[in-house]
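Take a look at the structure set out below.
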Amino acid sequence: MWIYLGILSAVFIGLYEVTKKHALIENAVLPVLFLATAFCAVLMVPPAVLSHYIPETMIRCSLYV
């Protein structure tokens with residue numbers, strides 16, 4: 001099971017890197033990297049904060065960080 005999850009993670013990281021490099025073709029570097037980091041933070045911060053305040057709920061829905 002963990003092998004499949006590792007492969008899936010590698011695929012998504014690869015796709016992320018390819019799309020980021022494609023976005024840099026005719027755009028400035030700093031705004032693209034800032035927006036990429038900001039969107040990743042928007043996805044990761046809520047589970048982290050909620051795991052701190054309501055860990056029981058996050059464990060039940062398998063999003064505990």
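As the structure is a computational prediction, the values presented were derived from the model and not from experiment.
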For S51, all residues meeting side-chain contact (heavy atoms from CB on, under 4.5 Å), sequence neighbours excluded: M58, Y64, V65

Around atom OH of Y16, are there more than 12 heavy atoms of other residues, nucleotides or ligands at under 6.0 Å?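 Yes, OH of Y16 has more than 12 neighbouring heavy atoms, counting only those of other groups under 6.0 Å.
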
Could you report the tightest heavy-atom contact between A41 and P46, atom names first, then the distance? O-CD, 4.1 Å

Transitively linked via ILVMFWY side-chain contacts under 4.5 Å: [X] with [Y]?
X: L43; Y: L15; value: no
X: L50; Y: V45; value: no
X: V32; Y: V29; value: yes
X: L63; Y: I54; value: yes

Once rounded to the nearest 0.5 Å, what's the spacing between atom CG of L35 and atom NZ of K20? 12.0 Å

Which value, rounded to the nearest 0.5 Å, describes the distance between I3 atom CD1 and L8 atom CG? 13.5 Å

Summary of salt bridge (charged side-chain N to carboxylate O under 4.0 Å, His left out) pairs that have at least one residue in residues 46-65, sequence neighbours excluded: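 Listed by first then second residue: nothing to list.
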
